[in-house]
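As the structure lists them, so they are numbered: ligands from 1, and atoms in each ligand from 1.
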Amino acid sequence: MSEQQPDSSQTKCGYVAVIGAPNAGKSTLVNQLVGQKVSIVSPKVQTTRNRIMGIVIKDKAQVILVDTPGLFNASTRLERAMVSAAWGGADEGDMVAYIFDAKKKGPNASDLKAIERLAEIVKTRPVFLLLNKVDAIAKPKLLELAARLNQLCPFTATFMISAMTGDGVEDVLKECIKFLPQGLWLFDEDQITDMPMRLLAAEITREQIFLQLHEEVPYEITVETEVWEQFDNGSVKLQQTIHVTRDHLKSIILGKGGSRLREIGTRARMELETLLETTVHLKLFVRVTEKWKDDPLYYAEWGLDSGA
Ligand SMILES: Nc1nc2c(ncn2[C@@H]2O[C@H](COP(=O)(O)OP(=O)(O)OP(=O)(O)O)[C@@H](O)[C@H]2O)c(=O)[nH]1
Ligand SMILES: [Mg+2]
């Protein structure tokens, strides 16, 4: 072959599992490092439901950040599948970035359980502690928290960051690269996620439901992209169905005269147009699918273990 093969002794490539409690800022961090939205973000807990890779190239390293669902005491089947996906990410990663919301008073019972498990993982792989949301907290409190958490687990390194503003995140990336193995890049240079666009588009609509609707609604829906049609002029037509578990949720999502659904559709379309850099026509439907949380196809599509 005439093509020059890249020299694997010159490049690095590896997985960094980003784990932490719900709402800690995992998805915000991954998006910040990738420089684009690959994972949806909301002020509500349990926004992320599956593992999502955000791929970053820095110097000669390809860093594959694995965003995961939050760690919490799961009870339902979907919740168990989410937490299992999170720990699966940690187990398979070359290293772990444990992100902790520094706005919290301290670790709660669920955090303590997670940190206990990390104290085992750190015996075999690097585990970084990232104290996040430093933009919203006074420094003395941070140092105290860092000391306390390090007493519970001998973290490989501790960072203080703001995933939202980007403060300190480049340092984390640089330090991660030091620990990643040498090897060829696993993804194309311009690939930023492993998530198929059809699923990412469904996530963008789900994000609007997390942002615009409250109480139980976001936790009772899933979004499915049913049609993805590309036209010669580059524009895209999408048709999605929002599945809800109960009839009354359908009317909440529709809103008065369909106004809420229109607002969800408008915002999601605008996001998609930014992401796809083209004109998007988005048509949304709402359907009652009582048992979507028990449908094995749902779990298979999102890479979740329905028997977790
Ligand atoms: N002030 C501040 N807020 C942040 C920061 N990082 C994330 N947030 C906010 O925290 C909330 C949760 O952020 P996410 O990135 O969705 O958190 P997550 O850990 O992915 O949450 P789950 O997917 O539910 O597990 C959002 O409202 C973010 O805007 C930060 O550095 N500073
Ligand atoms: Mg998330």
Chemist: In terms of residue, atom name and distance, what is the protein heavy atom nearest to atom 26 (C) of ligand 1?
Modeler: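 Sorting protein heavy atoms by distance from atom 26 (C) of ligand 1 puts Ser42 O, 3.5 Å first.
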Chemist: Give me the residue, atom name and distance of the protein heavy atom closest to atom 25 (O) of ligand 1.
Modeler: Lys26 NZ, 2.8 Å
Chemist: Which residue supplies the protein heavy atom nearest to atom 21 (O) of ligand 1, what is that atom called, and how far is it?
Modeler: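 Protein heavy atom with the smallest distance to atom 21 (O) of ligand 1: Asn23 N, 2.9 Å.
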Chemist: Numbering the atoms of ligand 1 from 1, which are under 4.0 Å from a heavy atom of Asp135?
Modeler: 1 (N), 2 (C), 30 (C), 31 (O), 32 (N)
Chemist: Less than 4.0 Å is my threshold; does some heavy atom of Gly20 fall inside it relative to ligand 1?
Modeler: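 No.
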Chemist: What I want to know is whether Ser27 and ligand 1 share at least one N or O pair that is separated by under 3.5 angstrom.
Modeler: yes
Chemist: What's the shortest distance from atom 14 (P) of ligand 1 to any protein heavy atom, and which residue and atom give it?
Modeler: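 Looking only at protein heavy atoms, the one closest to atom 14 (P) of ligand 1 is Thr28 OG1, 3.5 Å.
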Chemist: Report the nearest protein non-hydrogen atom to atom 29 (O) of ligand 1: residue, atom name, distance rounded to 0.1 Å.
Modeler: Val41 CG1, 4.1 Å
Chemist: Verify the neighbour count for atom CZ of Arg117: are there more than 12 heavy atoms of other residues, nucleotides or ligands below 6.0 Å?
Modeler: yes
Chemist: Tell me which protein heavy atom sits closest to atom 9 (C) of ligand 1, plus the residue, atom name and distance to 0.1 Å.
Modeler: Lys133 NZ, 4.0 Å
Chemist: Just need the protein heavy atom nearest to atom 17 (O) of ligand 1, so name the residue and atom and give the distance.
Modeler: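 That would be Gly25 N, 3.1 Å.
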Chemist: Under 2.8 Å from the Mg ion (ligand 2), which protein N, O or S atoms do you find? Ignore water molecules.
Modeler: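 Within the sphere that stays under 2.8 Å of the Mg ion (ligand 2), the protein atoms of type N, O or S are Ser27 OG, Thr48 OG1.
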Chemist: Within ligand 1, which atoms have a heavy atom of Gln46 less than 4.0 Å away?
Modeler: 24 (O)
Chemist: Nearest protein heavy atom to atom 27 (O) of ligand 1, by residue and atom, and its distance?
Modeler: Pro43 CA, 3.4 Å
